[in-house]
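Right, one structure below, let's go through it.
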Amino acid sequence: REQRGGGDKAPVDALLDRRKDLQADGDRTGLDRVGDDQRPQEVVPVIGDGDQAVGDVGRLGDRDEHALLIVEGYREVKRALDNQIPILKLFYCPELYQGENEPALVAGCAEKGAQLIECTPPVFRKIAYRDRPEGLLALCPQIRRTLADLRLPPRPFIVVAEHIEKPGNLGTMLRTADAAGADALIVCDRCTDIHNPNVVRASIGTLFTVPVAEASTDDTIAWLRARGIRSVAASPHATKNYTDVDMTRPVAIVVGAEQYGLSSAWMTQADDLVRIPMLGQADSLNVAAAATILLYEVVRQRGKPAPNQAG
């Protein structure tokens, strides 16, 4: 999505500057009703259909320029709030809520200092990335970590993803990493923006629960070796099955892009190359599916199922 508008201000800031001049759909003075309580809030008008600046929020094409992360959906916003991610601004539309818990979440965001902006359904659909929006969209600061920022336990369990192209695959791997109890995910030589709204969506907010660092492949290999973490790289050309490798010790599961696989650096420097048996005509798995199999092999070998696992 392309960013529209000029000037130095982010579109959402332009919106906030202009909102006092907008014609509201209805007068809203005094107290905003949030959930079952009446809490004093900053008075914010219901933004009308003709406000183009709201549409620009959904077109923040250069997220790095504004250092913003777009978080859409109830589960995603809740996980951001639960994990102490600052909610800078929350756009909400009660008519599009999918359940009964949204007002409490809006109140929780307000209590943490978020600016609340109520939108009409047509306007919210303009800013939403989803085809079926849930009436909640937050703007948060981007989360950036390097390898030096990661804090690991004595027996680390890490996921390394190299050259992952599709946001949905990266988000799905984050979701699996969270479920399997991984300690961190390292994105090597990234091909997709980890702050893409579709990464947040596919991860169902686990971008906020799994520490994610970005680094080059060479730096990651050196970092793992310096900490005695054994790298186990998946390749269809390997001769060793993934179940034949000891994953009870400190381990990093390494997966690469579906089309080209892992780089030569991993193929020549990984401690173990492993394969997942392919018994049909397909010669490879989706990278997120392959990562899921390997991560749960770590869980199986260590004999400690992830907490709160689904039955």
Side-chain angles (χ1 to χ4, degrees), residues 62-71 76-88 112-113 138-164 167 169-233 249-256 262-263 265-266 269-271 288 291 294-295 298 306-307:
D62 191 347
R63 288 175 294 276
D64 289 342
E65 178 183 351
H66 304 302
L68 289 176
L69 175 63
I70 298 172
V71 182
E76 291 81 354
V77 173
K78 186 174 188 304
R79 287 209 169 97
L81 186 66
D82 289 346
N83 288 276
Q84 291 75 53
I85 304 300
I87 308 294
L88 304 178
K112 294 293 186 179
L139 296 182
C140 304
Q142 292 184 358
I143 307 167
R144 296 200 174 276
R145 294 186 184 91
T146 66
L147 295 173
D149 296 321
L150 296 178
R151 299 294 178 263
L152 301 176
R155 189 175 57 158
F157 169 19
I158 295 172
V159 186
V160 177
E162 184 190 48
H163 293 149
I164 304 303
N169 282 336
L170 183 56
T172 300
M173 282 191 279
L174 278 165
R175 185 174 180 175
T176 303
D178 173 88
D183 299 305
L185 186 146
I186 301 170
V187 177
C188 287
D189 302 329
R190 76 174 188 180
C191 292
T192 189
D193 182 4
I194 66 170
H195 300 108
N196 187 306
N198 290 321
V199 173
V200 182
R201 178 181 181 179
S203 78
I204 59 167
T206 55
L207 175 64
F208 310 122
T209 68
V210 177
V212 180
E214 294 184 88
S216 69
T217 286
D218 290 341
D219 286 347
T220 301
I221 292 173
W223 184 84
L224 292 173
R225 284 181 174 171
R227 284 154 184 79
I229 301 172
R230 195 167 184 84
S231 56
V232 177
R249 52 193 166 183
V251 68
I253 300 299
V254 187
V255 294
L262 290 168
S263 65
W266 284 113
Q269 298 183 61
D271 294 301
L294 297 174
L295 266 58
V298 178

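Each residue takes its place number in the sequence, starting with 1. Treat the numbers as computed from the prediction; the structure is a model and nothing was measured.
- At least one donor-acceptor pair under 3.5 Å links the side chain of H195 to the backbone N or O of I143.
- Counting only heavy atoms from C-beta outward, the side chains of V232 and L294 never approach each other to under 4.5 Å.
- Side chain of D178 to backbone of V210: no donor-acceptor contact under 3.5 angstrom is found.
- The structure places CG of D219 at 10.0 Å from OG1 of T146, a figure rounded to the nearest 0.5 Å.
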> Under the side chain to side chain donor-acceptor pair (under 3.5 Å) criterion, do T209 and N83 qualify, and how do the steps go?
Replying inline: CA-CA 7 Å; T209 68; N83 288 276; 5.8 Å; no
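- Side-chain N or O atoms of Q142 include one that pairs as donor or acceptor with a backbone N or O of L68 at under 3.5 Å.
- To the nearest 0.5 angstrom, L139 atom CG is 9.0 Å from I87 atom CD1.
- A donor-acceptor pair is defined here as one N or O able to donate and one able to accept, closer than 3.5 Å; such a pair exists between the side chain of R227 and the backbone of W223.
- Sorted by first and then second residue, the salt bridge (charged side-chain N to carboxylate O under 4.0 Å, His left out) pairs involving residues 194-217 (not counting sequence neighbours) are R144-E214, R190-E214.
- Between atom CZ of residue R151 and atom CG of residue D183 there is a gap of 13.5 Å, rounded to the nearest 0.5 Å.
- With values rounded to the nearest 0.5 angstrom, D189 atom CG is found 7.5 Å from T220 atom OG1.
- Among all heavy-atom pairs drawn from V200 and E76, the shortest one is O-CG, 3.8 Å.
- To the nearest 0.5 Å, atom CG of residue D271 and atom CZ of residue R249 are 8.0 Å apart.
- D218 pairs by the salt bridge (Lys or Arg N to Asp or Glu O under 4.0 Å) definition with nothing, not counting sequence neighbours.
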